[in-house]
Amino acid sequence: RLAVAATTVTIRRTIGWKKDEFFLQRQRCTKQEITSLLEGAGFSKQNPYYIVQQGKVQALCTMSDLERLRLLQQVAGTVLYDEKKRDSVSHMHDNQGRLDQVNDLLQEMQDKLAELESEKQELQAYQQADRQRRALSYALYEKECVKARRQLIQIDDERQTHLTQTLQELHQDVKAVHDQIRNVESSVLPVSNASYKRWTQQVQRTRKQAAASKTALETRKEKLRSTQEMLKLQKNDEEANRVQAEQLQEQLKRAERDLQKVQPLHEEAKKELMAIQHEREQKEEIIQGLYAKQGRAQQYETVAQRDTFLQSQIQVLQQQIDSRQENLARQRRKLQTIANNQDKENHNMEKLQGQLAQKSKHVSDLGKSLSTLQEQKLKLQTSRMSAWNQVEVAQTDLRQAQQASNAAQSLTRHSTPRATALGLQALPNLVERMRLSDKQYFGTILQNFSLKDDKYQTCVEMAAQNALFHVIVDTDETASRLVQALEQEQSGRVTFLPLSQLRPERVDARIANDDVRPLLSTCLEYDKAVEVALQHVFGSKWLARTSDIATEVCRQHQVDVLTLEGDLCSRKGAMTGGYVDAQKSRIAAFNQSAVAEADLRKAREELEQAQTAVQNLQEEWQTCQQSLQRQSAQQNQLQHQKEQAQTQLEVSKSQQETMTRQTQQVTQLISEEEKSLQTGQAEVERLQSELGTPLQT
C-alpha cells in the first residue's frame, strides 16, 4: 500500500547534535514527504490500529456497536478524510474569497487602465501642442533676434553720427581758443620810450593774460584729451595749439627784449635826474651855510663864543658822519648779499626753465602717443564689436547646423536596425582606441561609394538592403578584434567584410547588352581598394530597363536583376517591388547626414576662428587699454611735475622781482646816504674853515 515501487521499503531517521534528517530508500527527503507517504498507506496519528497493542483484543470484543463503527471509521481513514475534506472546503472558501478580491482588483485596474489610456491620449495631444508651441516660440525668438540685431546696427550708426557731431563741436571749440590766442597776440603793442611806466604795466598785464590763456589752453587740452577718445584729428589740432603757444611765447620774448632796450635809457635818465637834484641840493646847502654864517655874526659877540658853538656842531656832524658811514657799509653788504642771492635765483630759474621745457616736451610726446593709442583703441573696439557680431552669427549657424545634424542622424538611426546602429555608433571610438589605420578599417559599404546619378538611388538601395551597413576591414583578424570589443562592451552587432577572405562571384559579361548592364559599373563610383567588397555586395546584381526584361534575364541566366524603380527579380524565383518612399531612403539619409556633419564641422571651425579672433582682439584691446592707462598716468604725473615746476618758476620770478626791488631800494638808500655823507662832510669842512675867522655881518 506504500507508494514506492519496491518490495521492501526502508525509512530511516538520523538525529545528531545539529541535524535531524529523514531517508527513504537511502535517499534524503523531508519529514513532510515521509508523513504523506505513511498517511497514504493508512499510518497516521489518528489511526494507530495497524499495530495492535496488548489488551486491545479484549476491548474490541466488549465494545458496543457504535464504538465499533467509530473504530472501523478510524481504521478505514474516513475520519482523516472528513477532517481533510473540511480543511479543503475551508481552503476553497478562502480561495473563492481571494478570487473575488482578485477580480475586484482586476476590475479596478481595468478602470485605471482606461483612465490612463485617456490620460495618455491627452498627454500625446499635449506633447504635440507643446512641440508646436516650442516651434512657434523658437520662430518668434529668431524673429526677435533678427529685429534686435537690426536695432543694434541702427544704434551703432546713430552713435557714429553722434561722435561725428561731437568731433565737429570740439573742433569749433579749439578754433575759438585759437582765435582767443590771436586776440591776445594782437593786444601786445610796441612800447615807446616816453610811456615807459604805462608800457611796463601793459606788458605785465599782457604776460598775466598770456599765462592765464596758456593755463586755460593747457586745461582745455587736458579736457579734450580726456574726452577725445574717438577723435582722429587730434594730432593736427594739438600741433596747431603748440605752434600758437610758441608764437605767443615769441611775442612775450620780443616784448621782454624791448623792455631790456628801454631799461638802460630809463636808468641813465634817472641818474642824470638824481645828479641834477644832488647838485641843486648842494647849492641850496651852500646858500643856507652862508645865511647861517651871516646869522652867527649877529648872534655871537666874540669869536670864541662862535668857535665853541662851531666845535660842538662839528662834533655832532662828525658823529652823524660816522653813523652814516656805518649805515652805508651795512647797506653795501646787504646789496652784495642781495646780488649773490639774485645770482643763485637766476641759476635756479634757468634750471627750472630747462626742466619745464623738458617736461613740456615729454607731455607733448605722451599726448601724441595717447592720441595714437586712442585711435588704435577705437579701431580695436570697432573690430571687436564686428567680431562679436560674427561670433553671434557663427553661433546661430552652429545651432542650425547642430539641429540639422541631429535630424539627419535621427533619420539615419530610424532607417537602420537598432543593434546595427549601436554597433556603428561604437565603432569609431573602438577604431581610435585600437589605433587602426585607414588601410585596416575602411568603414561601411555606404561610406565607400557614390552614385553616378541620383536616379540610381532606389535600385542600389534595393540591391544592397542591409548590406549597406556592412563594415569593410582588411583581414579577419581585425574583424575578430572589433567583434570581441563589441561583445565585451555590449555595443550592438555589426557584420564585417574582411577583404582577405572575400571571393566574389564572376560576372558573365555575355549577359550585358543595351537593355541589361552590370549594376556595379553602371551606377557606382568607388575606390579600387574596396572593389572586392563592393563586388561581393553588388557583383551579382544587374540593372534592366524594364520589369519584363528583368524577369526574362533572371529566368534565363539565374541572376538578380533590378529596375530603376527598385523592382527586384531574384534568382530564387521571388519578385519584390512596388512603391518606395524616397523620404525613407537610407542613402539619402546618409548623404543628408554627411552634408549636415560637414556643415557642422564648418560651423564649428568658423565659430572657433571667430572666438579666437575675439580673444585676440580682446587681448590687444586690453593691452592697448593698459598702455593707455599707464601712459595717461605718466602724463598726469608729468603734468603735475610740470605744474610744480611752473609754480616754482613763478615763485622764483616773484623772488627775483622782490630782490630787484630790494636792490633798487638799497641802491637808492646808498645813494641818499652818500649824498648825506658828502653834505655832512662839506658842512664839517665849511664849519672848520670858519673857525678862527673874524665875525662878519
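What's counted below: heavy atoms across the whole structure, side chains too, no hydrogens, waters or symmetry copies. Keep in mind it's a predicted model, so treat the numbers as computed, not measured.
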Check your understanding: Just wondering, more than 12 heavy atoms not from Arg149 lying within 6.0 Å of its CZ?
Key -> yes
In this structure, CE of Met109 is separated from CG of Leu116 (nearest 0.5 Å) by 10.0 Å
Tightest non-hydrogen contact, residues Glu67 and Met63, listed as OE1-CB, 3.1 Å
Do Glu531 and Gln535 have side-chain atoms, one donor and one acceptor, less than 3.5 Å apart? yes
When rounded to the nearest 0.5 Å, the distance separating SG of Cys523 from CD of Gln457 is 11.5 Å
In short, ring-ring contact (aromatic ring centres under 6.0 Å, His included) pairs touching residues 501-551 with sequence neighbours left out are Phe449-Phe538
Sequence neighbours excluded, the answer for salt bridge (Lys or Arg N to Asp or Glu O under 4.0 Å) partners of Arg68 is Asp65
Nearest heavy-atom contact between Thr551 and Cys569 is OG1-SG, 3.6 Å
Neighbour count >12 (heavy atoms, 6.0 Å) for atom CG, Asp454: no
(Q) Does Gln490, at its CD atom, have more than 12 non-hydrogen atoms belonging to other residues, nucleotides or ligands within less than 6.0 Å? (A) no
Separation between CD (Gln625) and CD (Gln618), nearest 0.5 Å, reads 10.5 Å
Item checked: side chain to side chain contact (heavy atoms under 4.5 Å, CB included) between Ile445 and Leu534, intermediate numbers included -> CA-CA 7 Å; Ile445 293 289; Leu534 293 179; 3.9 Å; yes
Using a 4.5 Å cut-off on heavy atoms from C-beta on, say whether the side chain of Ile472 contacts that of Leu499. yes
Rounded to the nearest 0.5 angstrom, the CD-CG distance for Glu461 and Leu562 is 12.0 Å
Would you mind reporting whether Leu524 and Leu451 have side-chain heavy atoms less than 4.5 Å apart?
yes
All N/O donor-acceptor pairs, side-chain side in residues 19-29, below 3.5 Å, sequence neighbours left out:
| from | atom 1 | to | atom 2 | distance (Å) |
| --- | --- | --- | --- | --- |
| Asp20 | OD1 | Arg13 | NE | 3.0 |
| Asp20 | OD2 | Arg13 | NH2 | 2.7 |
| Gln25 | OE1 | Thr10 | N | 2.7 |

With side chain to side chain contact (heavy atoms under 4.5 Å, CB included) as the test, would you mind laying out the steps for Leu497 and Val537 before giving the verdict? CA-CA 10 Å; Leu497 299 178; Val537 177; 4.3 Å; yes
Donor-acceptor pairs under 3.5 Å, side chain of residues 476-486 to any protein atom, not counting sequence neighbours: which ones?
| from | atom 1 | to | atom 2 | distance (Å) |
| --- | --- | --- | --- | --- |
| Thr478 | OG1 | Asp474 | OD1 | 2.8 |
| Thr478 | OG1 | Thr475 | OG1 | 3.4 |

Smallest heavy-atom separation, Ile549 atom then Ala544 atom, equals CG2-CB, 4.2 Å
Side-chain donor-acceptor contacts of residues 118-131 below 3.5 Å, not counting sequence neighbours, with atom names and distances?
| from | atom 1 | to | atom 2 | distance (Å) |
| --- | --- | --- | --- | --- |
| Ser118 | OG | Glu115 | O | 2.5 |
| Gln128 | OE1 | Arg131 | NH2 | 2.7 |
| Asp130 | OD1 | Arg133 | NE | 3.2 |
| Asp130 | OD1 | Arg133 | NH2 | 2.6 |
| Asp130 | OD2 | Arg134 | NE | 3.3 |

TODO: Just do the side chain to side chain contact (heavy atoms under 4.5 Å, CB included) check on Phe442 and Asp527 with the steps written out, would you?
DONE: CA-CA 11 Å; Phe442 298 91; Asp527 189 1; over 6 Å; no
Can you list the steps and then say if Leu468 with Thr444 is a side chain to side chain contact (heavy atoms under 4.5 Å, CB included)? CA-CA 7 Å; Leu468 290 171; Thr444 61; over 6 Å; no
Minimal heavy-atom distance between Val532 and Pro504, with the atoms involved, is CG1-CD, 3.9 Å
Note to self: Treating Ser88 as the side-chain partner and Lys84 as the backbone partner, does any N or O pair qualify as donor plus acceptor under 3.5 Å?
What the structure shows: yes
Discussion item. Just so I know, are the side chains of Val460 and Leu519 near enough to count as touching, which here means a heavy-atom distance under 4.5 Å?
Written reply: yes
Assess whether atom CG of Asp438 is packed by more than 12 heavy atoms of other residues, nucleotides or ligands within 6.0 Å. no
Q: Just do the salt bridge (Lys or Arg N to Asp or Glu O under 4.0 Å) check on Glu489 and Arg433 with the steps written out, would you?
A: CA-CA 13 Å; Glu489 297 184 0; Arg433 191 189 313 163; 2.6 Å; yes
Separation between SG (Cys459) and CG (Leu543), nearest 0.5 Å, reads 5.0 Å
In this structure, CD of Gln403 is separated from OH of Tyr138 (nearest 0.5 Å) by 4.5 Å
Leu427 versus Tyr441: any side-chain heavy-atom pair under 4.5 Å? yes
Enumerate, atom names and distances included, each donor-acceptor pair closer than 3.5 Å involving a side-chain atom of residues 598-616, sequence neighbours excluded.
| from | atom 1 | to | atom 2 | distance (Å) |
| --- | --- | --- | --- | --- |
| Arg604 | NH2 | Gln402 | OE1 | 3.4 |
| Thr612 | OG1 | Glu608 | O | 2.7 |
| Asn616 | ND2 | Thr612 | O | 3.2 |

What one should report as the nearest heavy-atom pair of Ala550 and Thr563 is CB-CG2, 4.2 Å
